[in-house]
Amino acid sequence: MKTNASTAPKVAVVGVGTMGAMSMWRMSQMGLSVTGYERFGVPHDRGAHGAETRIYRMAYREGADYIPLVRYSYERWLELNGLSGRSLFMQNGCLYISDMERPWLEETISSAEEYGIPIIELSDNEIAARYPSHKLYGGERAILDLLGGTLRPEQAVLAATQQAVRAGAVLHQYSPVVDVLPSDSGVDIVLESGDRERFDYAVVASGAWTGDFQRDLGFGVTARRLPGTWYPAIDARQFSPERFPVCLRGAGDLDYSGFPCVDGWSVKIMPPVFPDTQTIAETVDREIRERDISYTRTVVRTLLNGLIAEPARTGVFLDGFTADDAPVIDYSLGSQRVVGAVGFAGHGFKFSPAVGQIIADFVAAQAGLATSGLEDAAHAFQRSRTLK
């Protein structure tokens, strides 16, 4: 139920990227008076929601704690598709291929069976027949997550923000926040311009852009540099969403994620997150180096058919990582007037609508308003983590 507009609690959202946009959308739907502050434009390519495509997968081996989040988000992605009139979520399946040298495929199958998630198991012959763009060497196994698919992150961030603004939210772009000051009576938001505004509550969703005030509130993270590479397709039709689902593959010493062609000519290949990619958001090196493309070039040459093994498009993106790579969705240290969602380690976009709703529920609970009940799913991501 929505609150009365004249008495609705005022909530500031610091950072209108993935989690900030989803929080604004969900809070505005509950009738809260929401104001978003973003240091760049909405959307932008400086954080975690860049790079054109993301994976949505329901068969989630990372643990039972995530299942309520991905299930709730599935419905919200379909809802946002309809509200926006955009194809933000293409349900073309998520393909997992393994040479069975690591346990993750069996773990994923077990998770799917435990939670009743529909999958199809495939032998190497069946993989070759269905998905010939994957170069196989024999002995591979795969599953197709039937509820999985391809997300369009920049468009989704824009769509969620637009829905919030249509519901009455206010958006301030190119407005960096330099401090968030909670007190017993409210929260002051201090801008780089020197302007200061009082709110009842605040949400910190600044991703990899972590400054002193985020650390003081308990939401400090380490930024990591994530290079993306797009390789030209010889025949782009072979990599259309219908023929080339988003995929996760492990083969020998290579692990990668692959995405269908959505620009008419190229295919994005992403490497794993390497341990020596720590950086600072404000000074990150955004130039692509040889080492950034050598890994995915090897993937293209050895594991895929139909791509030219020289990237035609590249980009450097960022995300925030906690000490154990597990996210934190919680109230701040010392004040329940501030809620934060940080440290998603490159895996949070798929369930970001659920995180947005959890944040909305946390704020609503402090304001004495009705909640959706989803906040109960956040217990595993609360303040039991050690943050950097």
Side-chain angles (χ1 to χ4, degrees), residues 45-57 92 94-99 101-102 104-105 127 131-137 140 142 148 150-154 208 223-241 243-279 284-319 321 325 345-347 349-350:
D45 63 355
R46 300 283 171 160
H49 69 273
E52 193 173 68
T53 46
R54 286 291 186 281
I55 290 174
Y56 175 83
R57 51 193 171 102
N92 61 324
C94 177
L95 182 66
Y96 307 71
I97 306 175
S98 173
D99 61 6
E101 293 297 318
R102 304 186 250 327
W104 61 263
L105 185 67
I127 302 167
Y131 306 112
S133 295
H134 293 282
K135 187 181 296 183
L136 305 177
Y137 293 92
E140 291 92 348
T150 308
L151 296 167
R152 304 301 304 275
E154 295 96 337
R224 293 196 181 277
R225 181 179 180 274
L226 310 176
T229 49
W230 284 258
Y231 289 84
I234 295 171
D235 180 358
R237 292 172 297 180
Q238 300 305 313
F239 294 91
S240 67
R243 296 186 181 185
F244 191 77
V246 289
C247 66
L248 298 167
R249 185 174 180 186
D253 59 356
L254 296 174
D255 293 275
Y256 75 94
S257 52
F259 299 80
C261 175
V262 295
D263 64 359
W265 70 288
S266 70
V267 173
K268 186 178 77 173
I269 305 297
M270 292 292 292
V273 179
F274 298 116
D276 60 345
T277 54
Q278 181 172 331
T279 189
V284 61
D285 178 8
R286 293 190 179 272
E287 292 295 320
I288 290 288
R289 311 299 182 187
E290 172 61 23
R291 65 156 288 178
D292 294 326
I293 63 176
S294 60
Y295 189 99
T296 55
R297 186 192 286 124
T298 301
V299 168
V300 168
R301 286 174 173 166
T302 60
L303 298 179
L304 290 164
N305 297 309
L307 296 180
I308 297 171
E310 194 62 41
R313 185 155 59 99
T314 59
V316 172
F317 308 93
L318 296 171
D319 207 348
F321 292 70
D325 290 348
H347 297 287
F349 200 88
K350 65 183 69 64

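These figures come from a predicted structure and were not determined experimentally.
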Of Pro241, Pro260, Ser257, which is the lone residue that meets side chain to side chain contact (heavy atoms under 4.5 Å, CB included) with Val246?
Pro260

Do you know which two heavy atoms are closest between Pro311 and Thr314, and how far apart they sit?
CB-CG2, 4.2 Å

Over all atoms of both residues, closest heavy-atom pair of Met270 and Phe259
CG-CE1, 3.9 Å

Is there a side-chain contact between Arg237 and Cys261 in this structure, where contact means two heavy atoms from C-beta onward sitting under 4.5 Å apart?
no

Please name all residues satisfying side chain to side chain contact (heavy atoms under 4.5 Å, CB included) with Arg102, sequence neighbours left out, ordered by chain then number.
Asp99, Trp104, Asp255

Given side chain to side chain donor-acceptor pair (under 3.5 Å), test Thr302 with Tyr137 step by step and report yes or no.
CA-CA 10 Å; Thr302 60; Tyr137 293 92; 5.2 Å; no

The test is side chain to side chain contact (heavy atoms under 4.5 Å, CB included); show your working for Val316 and Leu226 and say whether it passes.
CA-CA 6 Å; Val316 172; Leu226 310 176; over 6 Å; no

Polar side-chain atom of Arg57 near backbone of Cys94 as donor-acceptor pair, under 3.5 Å:
no

Applying side chain to side chain contact (heavy atoms under 4.5 Å, CB included) to Arg249 and Leu303, what does each step give before you reach the verdict?
CA-CA 9 Å; Arg249 185 174 180 186; Leu303 298 179; 3.6 Å; yes

If I compare all heavy atoms of Gly346 with all of Phe321, which pair ends up nearest, and what's the gap?
N-CZ, 4.4 Å

Between the main-chain N or O of Ala51 and the side-chain N or O of Lys268, is there a donor-acceptor pair closer than 3.5 Å?
yes

Does Arg301 form a side chain to side chain contact (heavy atoms under 4.5 Å, CB included) with Val299? I'd like the steps, not just the answer.
CA-CA 6 Å; Arg301 286 174 173 166; Val299 168; over 6 Å; no

Within a strict 4.5 Å, meaning less than it, do heavy atoms of the Ile293 and Pro227 side chains meet?
no

For Ile97 and Tyr131: C-alpha separation, side-chain torsions, deciding distance, then whether side chain to side chain contact (heavy atoms under 4.5 Å, CB included) applies.
CA-CA 11 Å; Ile97 306 175; Tyr131 306 112; over 6 Å; no

Would you name the heavy atoms of Ile269 and Tyr256 that are closest together and state the gap between them?
CG2-CD1, 3.9 Å

Side-chain (Glu140) to main-chain (Ser98) donor-acceptor, under 3.5 angstrom
no

Rounded to the nearest 0.5 Å, what separates atom CD1 in Ile127 from atom CG in Leu136?
5.5 Å

Residues Arg297 and Glu290 bridged, charged N to O under 4.0 Å:
yes

Intermediate values then yes/no, side chain to side chain donor-acceptor pair (under 3.5 Å), Thr150 and Thr53:
CA-CA 6 Å; Thr150 308; Thr53 46; over 6 Å; no

Quick one: are Ser133 and Phe239 in side-chain contact, heavy atoms under 4.5 Å?
yes

Under a 4.5 Å cut-off applied to non-hydrogen side-chain atoms, are Thr296 and Tyr231 in contact?
yes

For Asn305, the side chain to side chain contact (heavy atoms under 4.5 Å, CB included) test, sequence neighbours excluded, returns Lys135

Do the side chains of Val267 and Phe244 get nearer than 4.5 Å, heavy atoms only?
yes

Could you give me the CA-CA distance, side-chain angles and deciding distance for Glu52 and Arg313, then say whether salt bridge (charged side-chain N to carboxylate O under 4.0 Å, His left out) is met?
CA-CA 12 Å; Glu52 193 173 68; Arg313 185 155 59 99; 3.3 Å; yes

Does the structure place the NZ or CZ of Lys350 under 6.0 Å from the centre of the six-membered ring of Tyr56, at an angle of no more than 45° from the ring's axis?
no

Quick one: are Thr279 and Asp285 in side-chain contact, heavy atoms under 4.5 Å?
no

Check whether the ring centres of Phe274 and Tyr295 lie less than 6.0 Å apart, and answer yes or no.
yes

Between Val273 and Thr277, what is the shortest heavy-atom contact and its length?
CG1-OG1, 4.0 Å

Pair His49 + Phe317: ring centers closer than 6.0 Å
no

Quick one: does Ile234's side chain get under 4.5 Å of Leu307's, heavy atoms only?
no

Does a side-chain heavy-atom distance below 4.5 Å link Asp45 with Glu154?
no

Regarding Asp276 and Arg291, does a basic nitrogen lie under 4.0 Å from an acidic carboxylate oxygen?
yes

Could you tell me which residues satisfy side chain to side chain donor-acceptor pair (under 3.5 Å) with Ser240, sequence neighbours excluded, listed by chain and number?
Glu242

So which atom in Arg46 and which in Leu318 form the shortest heavy-atom distance, rounded to 0.1 Å?
O-CD1, 3.5 Å

